[in-house]
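Below is one structure, written out as structure tokens; comments come after it.
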Amino acid sequence: MFALSLPGIAGIVLTIGLAADSSILINERFREEIGLGKTVRSAAASGTKHAIITSADADIVTFVSALALFAFAIGPVKGFALTLMLGIGCDLVMMLLFSRPLIMMLGETLIPKAPAFWGIPKEAVSSRAAAGKKGGAAHA
């Protein structure tokens, strides 16, 4: 049987902050790629890839720190380290299996239809969509 201690709850809260940071990083990198002049589809692919690499790097460093804390600590601090490690693992899985595919899917369908909702200027999406249509099969 497991009991959740106060340090364990602190690990969960910290994990929620890490997951929110990862999501913000993915969305902001996507917007940066749009600002660089890429199409929505291309920005979704490269932006999420770069953001996930950056976030995974930070998550791995935090995971190693939590692993060291788990190895050398005693008592409730081990619960903090364990919940932090579990949360980081969940964050990595969610970024790879949920966030990136969702942005990629939305980048092809919903984002070009409502760019203002995503914080993207409408002109940036419409002008690139028209340029993409002119290119024909050469861009495929």
Side-chain angles (χ1 to χ4, degrees):
M1 178 172 245
F2 294 101
L4 191 59
S5 63
L6 198 56
I9 293 170
I12 291 172
V13 170
L14 184 59
T15 298
I16 291 170
L18 287 169
D21 184 49
S22 297
S23 296
I24 291 168
L25 187 63
I26 288 172
N27 287 322
E28 288 302 316
R29 182 60 193 224
F30 170 67
R31 287 188 188 127
E32 276 182 26
E33 296 284 328
I34 291 282
L36 291 174
K38 293 186 176 183
T39 63
V40 175
R41 179 183 289 182
S42 152
S46 65
T48 55
K49 180 180 130 187
H50 293 346
I52 286 174
I53 290 170
T54 302
S55 186
D57 183 40
D59 283 350
I60 289 169
V61 168
T62 307
F63 188 88
V64 170
S65 299
L67 190 63
L69 194 60
F70 186 80
F72 298 116
I74 58 171
V77 178
K78 280 193 175 215
F80 169 77
L82 181 64
T83 56
L84 185 59
M85 287 187 295
L86 288 173
I88 289 170
C90 290
D91 182 37
L92 288 169
V93 168
M94 289 300 291
M95 278 191 303
L96 295 171
L97 298 180
F98 181 72
S99 297
R100 185 166 199 261
L102 183 66
I103 295 289
M104 297 285 292
M105 194 177 357
L106 292 176
E108 294 181 9
T109 57
L110 191 61
I111 294 173
K113 292 179 184 173
F117 180 76
W118 299 92
I120 300 168
K122 188 172 186 171
E123 305 81 38
V125 175
S126 60
S127 65
R128 289 187 198 103
K133 289 179 183 175
K134 290 179 188 174
H139 291 284

List the atom of [X], the atom of [Y], and the distance in Å for their closest heavy-atom pair.
X    : Y   : value
D91  : S22 : OD2-OG, 3.0 Å
E33  : A43 : CB-CB, 3.5 Å
T15  : T83 : OG1-O, 3.8 Å
F80  : P7  : CD1-O, 3.2 Å
G107 : V40 : O-CG1, 3.1 Å

- Ignoring hydrogens and geometry, is there a side-chain-to-backbone donor-acceptor pair from R100 to A45 under 3.5 Å? yes
- Linking I/L/V/M/F/W/Y whenever their side-chain heavy atoms sit closer than 4.5 Å, directly or via other members, would L86 and I60 fall into one cluster? no
- Message: Consider side chain to side chain contact (heavy atoms under 4.5 Å, CB included). Of T48, I26, L25, which one does M95 pass it with?
- Response: I26
Should we say atom [atom1] of [X] is surrounded by more than 12 heavy atoms from elsewhere, each under 6.0 Å from it?
X   : atom1 : value
I53 : CD1   : yes
K78 : NZ    : yes
R31 : CZ    : yes

- Please lay out, stage by stage, how N27 and I103 fare under the test side chain to side chain contact (heavy atoms under 4.5 Å, CB included). CA-CA 8 Å; N27 287 322; I103 295 289; 3.6 Å; yes
- Passing candidate, side chain to side chain donor-acceptor pair (under 3.5 Å) with S46, options E32, K38, R29: K38
- Message: Rounded to the nearest 0.5 Å, what separates atom CG in D21 from atom CD1 in I16?
- Response: 13.5 Å
- Which value, rounded to the nearest 0.5 Å, describes the distance between I52 atom CD1 and D59 atom CG? 11.0 Å
- Message: Run L102 and S99 through side chain to side chain contact (heavy atoms under 4.5 Å, CB included) and show every step you take.
- Response: CA-CA 5 Å; L102 183 66; S99 297; 5.8 Å; no
